[in-house]
Amino acid sequence: MAHTILTINAGSSSLKFALFAGNGERLHKGAFEIGALSHDDAMRELLAQITSLGLPAFTAAGHRVVHGGQHFTSPVRVNDDILTALEKLTPLAPLHQPHNLHPITALKKLMPNLPQVACFDTAFHATQSATTRRYALPRALEAEGVKRYGFHGLSYEYIAQKLAQLDPAAADRRVIVAHLGNGASLCAMRHGKSIDTTLGFSALDGLVMGTRCGTLDPEIVLYLQREKGMSIETIEDLLYRRSGLLGVSGISSDMRELQASEETSAKEAVELFVFRAVREMGALIASLGGLDDLVFTAGIGEHSATIRSQISKGIGWLGASIDEAANLRATTVINTEESAVNLWMIPTDEEAMIARHTAAVIA
Ligand code: ADP
């Protein structure tokens with residue numbers, strides 16, 4: 001039987017959902033602001049909305065769950081034991097994991113027999129080598145889970161599948177996907193699998209993000225504590241919510257606003273975003289031993305021709321050459337014929353990936 005699948009992507013401030021038919025067609029999507037509504041209320045509203053719109057009842061639900069820890073390296077059907085195991089991973093992602101798990105519990109109360117599947121942002125990176133995932137810290141810390149995980153895995157997996165459809169030979173080439181949204185990271189892929197990525201233990205590493213700092217010298221955290229007497233909560237707020245594009249510009253975390261602004265600090269924030277993306281790309285190019293394809297995706301990657309152009313120019317030394325007219329039109333292929341690197345703009349779809357995984361797990 002083909003299932004109708006509900007996908008849920010719940011964060012601290014919003015709960016996004018979508019309904020997919022058995023053939024993968026998206027039937028409906030919506031969002032709720034959390035805070036005004038509890039997760040329980042949001043789930044009741046969601047069910048009411050689906051009924052009142054005359055949409056088909058869903059027969060399974062798939063959830064985006066940020067962290068699968070060391071153990072969950074592929075999507076899994078949730079039962080009580082698994083839910084407990086996932087709750088135990090909260091220390092690895094305290095700002096996200098509880099919000100991802102609440103809807104599972106809320107839905108279970110309303111529909112106890114509904115198959116529910118957890119799809120992890122970390123899972124796609126489980127193919128990376130032990131060396132890639134290791135920090136140069138005392139080994140005991142690694143054993144308890146202090147290692148590089150990487151995130152945005154559902155987006156990367158979707159792009160890997162899409163790229164293979166668009167160009168079956170691409171999978172055997174050296175590919176970097178740039179997921180540039182509010183959260184941003186790069187993923188180096190070979191044969192459709194992740195071999196390196198810029199996010200590590202948490203969602204703070206790597207690129208400059210909307211409000212997150214990206215790569216930082218860890219001594220800065222000690223300095224903030226020692227010299228400025230900042231508490232853990234204050235430092236957490238600074239690194240996650242007051243840094244990145246917002247922190248550097250002092251204006252906004254939104255790339256559109258910064259690009260429209262005449263302020264020097266806005267231009268400097270955008271400049272740093274591009275500089276760091278190119279610099280991190282250099283590291284992933286070394287991991288891959290070269291670069292054949294670069295894919296831009298997510299909010300900034302899909303919509304900002306300027307950022308695509310600036311980043312592509314940053315790897316001009318590799319022979320990458322962007323076709324500015326195609327780039328402005330935002331076609332799928334945006335490189336010139338002479339370019340030594342294939343440049344792509346491919347919209348991502350994490351919800352479609354969750355629906356695919358959920359269908360496969362319950363099949
Ligand atoms: P999230 O990580 O929250 O899913 P998105 O992938 O939607 O975020 O990306 C949001 C980012 O995309 C914001 O910085 C926003 O300014 C940027 N963005 C969206 N449209 C454009 C545009 N036309 N030009 C530049 N940036 C854009």
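Throughout, numbering of the chain's residues begins at 1 and tracks the sequence. From a predicted model like this one, the values you see are computed outputs, not experimental measurements.
A heavy-atom distance below 4.5 Å is not found between the side chains of M209 and L204. At a threshold of 4.5 Å between non-hydrogen side-chain atoms, the residues M255 and I307 count as touching. Looking only at side-chain heavy atoms (C-beta outward), D80 and I82 stay at 4.5 Å or farther from each other. Between S309 and T306, every side-chain heavy-atom pair lies at or beyond the 4.5 Å cut-off. No side-chain heavy atom of R64 sits less than 4.5 Å from a side-chain heavy atom of N100. Proximity of Q97 to L86: side-chain heavy atoms (C-beta onward) are separated by under 4.5 Å at one or more points. Between E219 and R226, some side-chain heavy-atom pair lies under the 4.5 Å cut-off. With a 4.5 Å cut-off on side-chain heavy atoms, T197 and Q128 count as touching.
Other residues, nucleotides and ligands contribute only 12 or fewer heavy atoms inside 6.0 Å of the CD1 atom of I232. Sparse packing is recorded around NE2 of H71, with 12 or fewer heavy atoms of other residues, nucleotides or ligands lying under 6.0 Å away. Annotation: Y135, atom OH; neighbour count of heavy atoms from other residues, nucleotides and ligands within 6.0 Å is above 12.
In this structure, a donor-acceptor pair under 3.5 Å is absent between the side chains of T336 and S339. If you check the side chains of Q49 and H28, you find a donor sitting under 3.5 Å from an acceptor. Between the side chains of T7 and E350, no donor-acceptor pair is found at a separation under 3.5 Å.
Taken from CZ in F201 to OG1 in T122, the straight-line distance is 12.0 Å, to the nearest 0.5 Å. The CE atom of M43 sits 7.0 Å away from atom NE2 of H39, with the distance rounded to the nearest 0.5 Å. Atom CZ of F120 and atom OG of S74 lie 8.0 Å apart (nearest 0.5 Å). Separating the CG atom in L141 from the CZ atom in R134 is a distance of 12.5 Å, to the nearest 0.5 Å. Put simply, CG on L107 and NE2 on H63 are 5.5 Å apart, with the number rounded to the nearest 0.5 Å.
Note: the hydrophobic cluster containing L101 does not contain L154 (ILVMFWY, side chain heavy atoms under 4.5 Å, direct or indirect links). Under the 4.5 Å side-chain heavy-atom criterion for Ile, Leu, Val, Met, Phe, Trp and Tyr, V361 and M111 are members of distinct hydrophobic clusters. Side-chain heavy atoms closer than 4.5 Å link hydrophobic residues (I, L, V, M, F, W, Y) into clusters, and following such links, even through other members, never connects L19 to I354. Each of L216 and F273 belongs to its own hydrophobic cluster when Ile, Leu, Val, Met, Phe, Trp and Tyr are linked at side-chain heavy-atom distances under 4.5 angstrom. When the side chains of ILVMFWY residues are joined at heavy-atom separations under 4.5 Å, either directly or via intervening members, V248 and Y240 end up in two distinct hydrophobic clusters.
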Run the side chain to side chain donor-acceptor pair (under 3.5 Å) test on S38 and D41 for me, step by step, so that the C-alpha distance in whole Å, both residues' side-chain angles and the decisive distance to 0.1 Å come before the verdict. CA-CA 5 Å; S38 71; D41 294 339; 3.3 Å; yes
Give the C-alpha distance, both sets of side-chain angles, the deciding distance and a yes or no for salt bridge (charged side-chain N to carboxylate O under 4.0 Å, His left out) between D205 and R148. CA-CA 10 Å; D205 209 357; R148 300 182 59 89; 3.3 Å; yes
From CA spacing to verdict: salt bridge (charged side-chain N to carboxylate O under 4.0 Å, His left out), K313, E324: CA-CA 11 Å; K313 290 204 176 91; E324 295 292 1; 2.9 Å; yes
Criterion side-chain contact (heavy atoms from CB on, under 4.5 Å) on V76 and V117, from CA distance to verdict: CA-CA 5 Å; V76 62; V117 174; over 6 Å; no
Applying side chain to side chain donor-acceptor pair (under 3.5 Å), run through E337 and S321 and close with a yes or a no. CA-CA 8 Å; E337 267 180 44; S321 152; over 6 Å; no
Would you sort out whether H152 and S185 count as a side chain to side chain donor-acceptor pair (under 3.5 Å), showing the intermediate values? CA-CA 8 Å; H152 296 135; S185 69; 2.8 Å; yes
Can you check side-chain contact (heavy atoms from CB on, under 4.5 Å) on T331 and M345, steps first, answer last? CA-CA 7 Å; T331 52; M345 191 290 288; over 6 Å; no
Take S304 and Q259 through the test side chain to side chain donor-acceptor pair (under 3.5 Å) and record every step on the way to the result. CA-CA 9 Å; S304 176; Q259 289 183 318; 3.1 Å; yes
Given L258 and L245, is the side-chain contact (heavy atoms from CB on, under 4.5 Å) satisfied, shown in steps? CA-CA 8 Å; L258 298 180; L245 293 174; 3.7 Å; yes
In sequence, state the C-alpha distance, the side-chain angles, and the governing distance for L46 and F32, and then conclude on side-chain contact (heavy atoms from CB on, under 4.5 Å). CA-CA 9 Å; L46 189 160; F32 294 105; 3.8 Å; yes
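Under the 6.0 Å cut-off for aromatic ring centres, F58 and H3 do not qualify, their centroids lying 6.0 Å or more apart. Taking the ring centroids of H67 and F151, they lie under the 6.0 Å cut-off.
Here R242 does not pair with E236 in a salt bridge; the nearest charged N to carboxylate O distance is not below 4.0 Å.
For the pairing with E351, the side chain to side chain donor-acceptor pair (under 3.5 Å) check across R356, K16, K29, R26 returns one residue only, R26. Considering L166, V295, D167 in turn, L166 is the only one that fulfils the side-chain contact (heavy atoms from CB on, under 4.5 Å) rule with T332. Each of R133, E142, K147 was compared with Q70 under the side chain to side chain donor-acceptor pair (under 3.5 Å) criterion, and only K147 meets it.
Side-chain atoms of R241 do not come within 3.5 Å of backbone N or O of R212 as any donor-acceptor pair.
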